[in-house]
Every structure is written in structure tokens, then in C-alpha cells.
Amino acid sequence: MSNPDELLVAISAAVESERSNQMSLTVIVGGAVITGRLAPEAVWRERVAEVLKDSDHLGPFSDVFARVPRDRPGHGEPPTHLHFHLARIVQGSLGIPETGGMYRVAIKDVSAWTVGDLIHFDG
């Protein structure tokens with residue numbers, strides 16, 4: 001979306017202000033379906049930093065996520081990204097990764113969305 005959906009921006013702002021990770025959302029970005037729970041950016045960054053820190057090869061990158069960005073929007077400015085955790089890219093009847101991953105999605109790139117997390121059952 002060239003103009004981010006006001007409702008989606010409001011949902012993201014509510015997640016940021018409440019510091020909650022209970023809002024489930026499914027979005028379509030570039031033809032990919034991503035489904036999972038939203039997290040406040042600070043919580044998302046912290047969790048990504050923790051995962052990277054435990055990696056022998058990626059440990060040095062943990063500091064990039066741990067520090068607060070200089071160009072971070074101020075308290076009154078609308079969020080520009082959604083921060084998913086426990087999220088999956090839906091491919092057919094599979095959710096990749098199975099255990100859920102951490103995704104950052106630009107709100108302006110979301111072409112469609114719905115509240116809720118897609119659940120697939122093998123039948």
C-alpha cells in the first residue's frame with residue numbers, strides 16, 4: 001500500500017503502547033501470507049538479540065538489535081512496521097517455520113490483512 005491503512009497503523013500503535021503480544025494478525029506482503037502475533041518493537045528487538053547472541057556465527061549481530069535506533073519514531077508518531085513473533089509464512093498447508101519465527105514487515109507493503117492467526121490442520 002502506498003498509503004498505509006489507518007486501521008492497521010492504529011492496531012500497531014495499540015500493540016506498541018500496551019507492550020502486549022496477544023494481537024494475532026495475518027497479512028499479505030508481496031504475495032506471501034504471514035500469520036502470527038504482533039509484538040512491540042522493543043520486545044521484538046530484545047528477542048531477536050537473544051536468539052542471535054546464542055549463535056556462534058551470528059552473535060556479533062545481536063548488538064545491532066539490542067540498541068535503540070537513532071531514527072526511531074517519536075512517541076506521538078505512527079509506527080511504520082509490524083513486528084511479528086511466533087509467526088509463520090504460510091505455504092500450502094505448511095507454516096514455515098513450524099515453531100514460528102520473527103518477522104518485521106513494513107506497514108506500507110501490506111496489501112491485505114485480517115485479524116487472527118491462520119491455523120492449518122493436516123486432514
Side-chain angles (χ1 to χ4, degrees):
M1 293 181 176
S2 56
N3 293 322
D5 183 319
E6 290 177 22
L7 190 52
L8 192 54
V9 170
I11 289 169
S12 182
V15 169
E16 288 292 330
S17 68
E18 297 295 320
R19 296 190 56 82
S20 170
N21 63 358
Q22 298 304 307
M23 182 60 176
S24 295
L25 197 70
T26 299
V27 298
I28 298 175
V29 180
V33 177
I34 300 173
T35 188
R37 285 193 292 178
L38 295 178
E41 181 179 1
V43 172
W44 183 86
R45 284 176 167 271
E46 182 179 303
R47 289 195 178 133
V48 172
E50 288 171 5
V51 170
L52 292 175
K53 190 174 188 177
D54 292 339
S55 169
D56 291 336
H57 295 76
L58 301 175
F61 292 98
S62 67
D63 290 342
V64 173
F65 289 89
R67 57 179 176 237
V68 178
R70 284 180 255 200
D71 60 347
R72 188 173 179 187
H75 207 20
E77 295 181 41
T80 57
H81 290 78
L82 301 169
H83 295 88
F84 284 92
H85 76 112
L86 301 175
R88 296 170 313 285
I89 296 174
V90 178
Q91 179 69 34
S93 63
L94 294 176
I96 306 165
E98 241 180 69
T99 57
M102 308 289 282
Y103 297 100
R104 176 178 161 112
V105 175
I107 294 172
K108 68 179 179 64
D109 294 337
V110 174
S111 59
W113 62 275
T114 188
V115 171
D117 189 358
L118 295 180
I119 300 173
H120 288 280
F121 296 100
D122 292 329

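The model shown is predicted, which means the values in this text are computed figures rather than measured ones. All values below were derived from every heavy atom in this structure, side-chain atoms included, with hydrogens, water molecules and symmetry-related copies excluded.
Each of I11, D117, L82 was checked for a side chain to side chain contact (heavy atoms under 4.5 Å, CB included) with M23, and the lone residue meeting it is I11.
Side-chain atoms of V29 and Y103, non-hydrogen and from C-beta on, never get closer than 4.5 Å to each other. Using a 4.5 Å cut-off on side-chain heavy atoms (C-beta onward), L25 and V27 make contact. Using a 4.5 Å cut-off on side-chain heavy atoms (C-beta onward), V110 and L8 make contact. A heavy-atom distance below 4.5 Å is found between the side chains of V9 and P79. Between I34 and T26 there is no side-chain heavy-atom pair separated by less than 4.5 Å.
Considering all non-hydrogen atoms of both residues, G100 and R88 come closest at CA-CG, 4.1 Å.
The distance from the CG atom of L38 to the CZ atom of F84 is 5.0 Å, given to the nearest 0.5 Å. To the nearest 0.5 Å, atom NE2 of residue H83 and atom CD of residue E41 are 4.0 Å apart. For the atom pair CG (L86) and OG1 (T35), the distance works out to 11.0 Å, reported to the nearest 0.5 Å. Between the NE2 atom in H85 and the CH2 atom in W44 there is a gap of 12.0 Å [rounded to 0.5 Å].
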- Derivation of the side-chain contact (heavy atoms from CB on, under 4.5 Å) call for W113 and D5: CA-CA 10 Å; W113 62 275; D5 183 319; 3.1 Å; yes
- Query: Which is it for I107 and S12 under the side-chain contact (heavy atoms from CB on, under 4.5 Å) test, yes or no, and what are the steps along the way?
  - Reply: CA-CA 9 Å; I107 294 172; S12 182; 4.0 Å; yes
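With hydrophobic clusters built from ILVMFWY side chains whose heavy atoms lie under 4.5 angstrom apart, V43 does not share a cluster with M102. Connection of F65 to V51 is not established within any shared hydrophobic cluster, with ILVMFWY side chains joined at heavy-atom distances below 4.5 Å, either directly or through further cluster members.
We find that K53 and D63 are not joined by a salt bridge, their nearest charged nitrogen and carboxylate oxygen being 4.0 Å or further apart.
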